[in-house]
Structure formats: structure tokens, C-alpha cells
Amino acid sequence: MTKDVIALTTRMPDPWTVLVGLLSGGPDKLVGTHGDGAVVQLCDPEGRPLVSVEAPLLVQVAGEAERLLGATAPAVPFWWTEARATTGVTEAEQLAGTFAARLAHLAGGSAWPPEAARSLAVVPTDGVSVAPTPAAAVPAVDVLTEKVAVIIQDRPVVALTAWLSDAYRAATEAGLGLQVVAPSGTTLSPAARHLLGTWPSRWIVQDERDGYYDGLSGAVLRWQDGIFAPVEGPGSTAGDPQSLVAASYGEVSDTGERQLALTFRSLHPADDRLVLGGGLESVWRELTGAPPAGWGTAEPANLPWSPQRLTDLAFERAPRPTWAVVVGSPERPGLATVRVTRTTAGVEEEVTLAFGYGADEEMPEDALPRAAEVLATRHRLQSMLVQVRKARRDLAVPPRFEGPGVPLAFVLGADEVRAIPGDRARRTPLTARPVQLGPRARPALYYPLPGDPSDMAGWQDYERLMRHLKGS
């Protein structure tokens, strides 16, 4: 298993500190680079990497080490330096641990996991070499086949790190899926879910009873012809494939925790004065009383929240799309993903947002119409769907069955209301009448729905409403 070791330090590891860390294998160990110098590697005599070290990242957002590692980090700002040891080489794991221990000792801080960084002494590696493998070209990948790239993760949370993002991009460009294997008890970050939720990419969980299963669907998996694929269940046919479902996937209990999930899309004119992220910040303030805490293009989210910096990044990347993750404070778990795309109609901003609540906490349902009105009147809202679901307060996705959310409200922007012929948008098949948002001459419409997590009637009402609005 590839071993991840992370140094969390109060001071930036300067070149001399990094050099001392790299000497963990002795002065004769080869050093190479990858990714235009962004990754430094300790190599065997043949030049194959034993340990890959990413450039230090300055984290200015509180709670990210706790959320992703379960570790206590120094006070923000602090530096996050990752090292990955090559699969199946014990000495490589020791090298990574010693590297992180030396950085923590010299730059002040700690290493994660603590047991991986026990010694500062040089690790004996004479005669140690790495088996040649095509995956060596991508440090994060452990196994590479003609169908998938496989990463073996040993973190408590499979997050959308820069490592994982780069591996996914490389796999996609090569026409491959990305499959991440993790031990039981691991959770998945919501930010990584969209990467691993589409075949042939998967989040694969090791299990004592069934071997391996898909953490999102529960399908029992086996390594078959260079890919983890479902095991067919009894009665499965070519026309009706039925997979076995892992027993662990169905072991769930109702803790009373819930999530409030919002998905909305805005369309802005391509204007030099455009500032992105304003709608997300407005909703966040309405529902929590505070703005987001931080954002980034990978996890951990390392930058203080700034709509202007998000806009600058999207402008630099245009016409390519821009993706970002946005997080809240530890006191009120919140996480959003933002995708900005330049289209012929303008600049499209798509946001998926969720807040977590404990069994004894009230969800701010009364604030939803206000949040919707701000989006509709100030941020060119096209549509928004609000759901409530039984799920963890910390927003982590467990390798267990989580039921779908139930619609709580749907919002149609003013332009979309005007585009529907006649008075159909205002006259719906629902019992509750839509609420007008904004000016009477050009209103947006807020459609309240049942939103009871124990009753699927909310989806039935939502589907009826969609058919009605489409005129079918």
C-alpha cells in the first residue's frame, strides 16, 4: 500500500530544511523531479521513485487538517507538505516518515500519521530498488492497466487532493477510469464524490466479509481483466445484470443527523465588472450568518474566501472551465463546489452546496425564501433545487447506504419564468402556491415542496412540477 505522510509545520520548509529531509536516505540517494519541478523524488539506483514529495502548501483556513486527517494542526497559517512512499517497499515508507519527521522537527509542528514519523535517523536503503512499472510516471498511481489507473489510499478521508486531481486528469486524458482503493472505515469527501461516482471510476472499500465493494453503490467487486468490476448475483442475465451487494453497505442507523443541500445555476453576461462567487456568499450568509471560511482548487482548501480571487482565477483560465471547493468554519460544517464555464450565452456558474446539522440543531428553513430572493434579484439565478437528507453532520460520505434527499423547494429565475408560455409557471398542480420573489413585473418563483425525509412524496411532487413547467 502506498503510504502518505504529511508534515504540518508553523514555518515554511525552506530549501535547506527540505534538503535535510531528502537526506533521510543518506547522501548518496538519487534525487529527481516531476511535474515541472513541483514534485521532488527520492529514487533508487535505477532512477525509479521511492518517495515523491510535493511542494509545501500554505493553508490559511482553520479546520482543514481536522476535517481531512483527524489531526490537530498548528494555528493558521501553517504549511502542509505531503510525501508519498512507493507501493510495497518498507524502506520507502520509512523514508517518507523520516522526511516528514525531520521537516516537523526543523520547521516546528507535527507529522501525520504520528506513528509514521518516529525517527530522524538515516534509513538504510542499500540494495533497495523499485520494480519497473508504467505507473511510475504518475507518482500518485499504484497500478496502471489498459482500462484504469488504481490508487491505494490510507487516509481517513479520500479527498480531492492535488495528487488525486492530477491522477484523474492524467487518467482521463489517457481514456482510463480512476479507481481508488481504501480501507474500511474510510469516508469520501463530497468534493471527490463527483470524480469517483461514474463508471469506470470507483471508490473501492476493502471489506473483511466481501473482499471489496463500491463505497457509493455497495456492489461487491473483484479484480477482473485489469479492472475492479461487479460480481454478478444469482439470477443475473445479460439483459438484466444484478450485482451482489456487500453486507457492510446496508448496516446503517438513524442518528438524527441531516444535511441541507442546495444546487443552483446562474448565468452572467460576460462583463469586465463581473465578480463570481457573490451568489454563493449571499446564500451562505443567509443560512449561517457568516461568509464561507476558505476556498481552493483542491483539498485542503487553503485560501481565505475571496470572490475576487476566484474571479481572477476563472478569468485567467478562460475559456477553459474553472472548478473550486469552498468550505465553512468547523462550528457549522459547510462545503460547496463551484464550476465556472464560459458559454455562448455568457458565464455560467454552477454551485452544489451542503450544510450539516446534528439531531438537536434546527435547519434554517425560514431563511430559504430570503436566500432564493437574493439569488434571483442580485445574482441572475436560473434555477435552484433545495433538498433535505438523512446524512452525516460532518458532510463526509460513508461507505454505507444513504438515502436520496427529498426536495424541499424549487426556484425558477425571472428569465425562465418569462420564457414559459402563458401563466403556466404560476398555475401549478401543487397544493402550495408558488411564492413570488422580486419585483411584480418580473418575478422569480419559489415553489415549496413537502421535504419530509421519510416520505418520497416530495419527489413525486417535484416530478409533477417539472412535467408541468415543460408543458408535458
Side-chain angles (χ1 to χ4, degrees), residues 158 186-199 201-205 213-220 230 241-265 283 287 333-337 339 350-359 361-365 368 371-372 383-412 428-432 446-470:
V158 176
T186 302
T187 60
L188 183 67
S189 164
R193 183 171 189 163
H194 77 285
L195 292 186
L196 303 178
T198 305
W199 185 89
S201 297
R202 292 184 187 273
W203 170 37
I204 300 163
V205 180
Y213 69 92
D214 188 307
L216 296 177
S217 70
V220 175
Q242 297 178 9
S243 301
L244 289 177
V245 177
S248 299
Y249 183 74
E251 294 174 347
V252 297
S253 59
D254 187 359
T255 63
E257 296 177 308
R258 293 153 299 153
Q259 292 177 11
L260 184 63
L262 302 88
T263 303
F264 61 89
R265 180 183 286 106
V283 170
L287 299 182
L335 189 144
T337 59
R339 181 176 175 82
E350 186 174 355
V351 177
T352 300
L353 168 63
F355 296 106
Y357 299 88
E361 295 178 304
E362 291 292 331
M363 290 193 302
E365 296 183 25
L368 289 172
S383 63
M384 179 170 70
L385 176 63
V386 183
Q387 301 178 61
V388 59
R389 59 195 302 260
K390 294 181 179 180
R392 292 170 53 135
R393 182 183 187 273
D394 63 5
L395 306 178
V397 181
R400 303 286 185 271
F401 174 76
E402 285 190 323
V406 175
L408 189 63
F410 178 72
V411 185
L412 203 59
T428 74
L430 304 180
T431 302
Y446 180 97
Y447 301 90
L449 296 163
D452 183 355
S454 62
D455 186 357
M456 293 304 293
W459 276 117
Q460 296 169 0
D461 282 355
Y462 174 73
E463 291 171 358
R464 282 187 2 221
L465 174 62
M466 292 300 100
R467 289 197 300 268
H468 173 80
L469 294 176
K470 293 176 182 177

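None of the values given here were measured: they were computed from a predicted structure.
- In this structure, CD1 in Ile204 is found 12.5 Å from OG1 in Thr186, a value given to the nearest 0.5 Å.
- Within the model, atoms OH of Tyr249 and CG of Leu244 stand 14.5 Å from one another, a figure rounded to the nearest 0.5 Å.
- Summarising the geometry of Leu385 relative to Pro407, their closest heavy-atom pair is CD1-CB, 4.2 Å, with the distance given to 0.1 Å.
- The shortest distance between side-chain heavy atoms of Met466 and Phe410 falls below 4.5 Å.
- With values rounded to the nearest 0.5 angstrom, Gln387 atom CD is found 15.0 Å from Arg258 atom CZ.
- Looking at every heavy atom in both residues, Leu353 comes nearest to Ala336 through CD1-CB, 3.8 Å.
- Annotation: the span from Leu368 atom CG to Tyr446 atom OH amounts to 4.5 Å, rounded to 0.5 Å.
- Counting non-hydrogen atoms of neighbouring residues, nucleotides and ligands closer than 6.0 angstrom, the CD atom of Glu251 exceeds 12 such neighbours.
- Tested against Arg193, the residues Leu188, Thr352, Thr337 include a single side-chain contact (heavy atoms from CB on, under 4.5 Å) partner, Leu188.
- Taking all atoms of both residues into account, the shortest heavy-atom contact from Thr428 to His468 is CA-NE2, 3.8 Å.
- Listed by chain and number, the residues in a side chain to side chain contact (heavy atoms under 4.5 Å, CB included) with Glu361 are Arg332, Tyr357, Arg393 (sequence neighbours excluded).
- Ser248 pairs by the side-chain hydrogen bond (donor to acceptor under 3.5 Å, both in side chains) definition with Asp207, Arg209, not counting sequence neighbours.
- Annotation for Pro448 and Leu430: closest pair O-CD1, 4.3 Å, computed over non-hydrogen atoms.
- Using a 4.5 Å cut-off on side-chain heavy atoms (C-beta onward), Asp461 and Thr431 make no contact.
- Taking both residues in full, the closest heavy atoms of Gln259 and Leu395 are given as NE2-CA, 3.5 Å, listed atom of the first, atom of the second, then distance.
- A donor-acceptor contact shorter than 3.5 Å links the side chain of Arg464 to the backbone of Pro429.
- The heavy-atom pair separating Pro398 from Glu402 by the smallest distance is CD-OE2, 3.3 Å.
- Contact of the Arg392 side chain with the Thr187 side chain is registered, since non-hydrogen atoms from C-beta on lie closer than 4.5 Å.
- To the nearest 0.5 Å, atom CZ of residue Arg202 and atom CG of residue Leu216 are 9.5 Å apart.
- Between Leu262 and Leu287, some side-chain heavy-atom pair lies under the 4.5 Å cut-off.
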Problem set entry | Working for side chain to side chain contact (heavy atoms under 4.5 Å, CB included), residues Val245 and Phe401 | CA-CA 11 Å; Val245 177; Phe401 174 76; over 6 Å; no
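- Rounding to the nearest 0.5 angstrom, the gap separating the CG atom in Leu449 from the CD atom in Gln460 is 12.0 Å.
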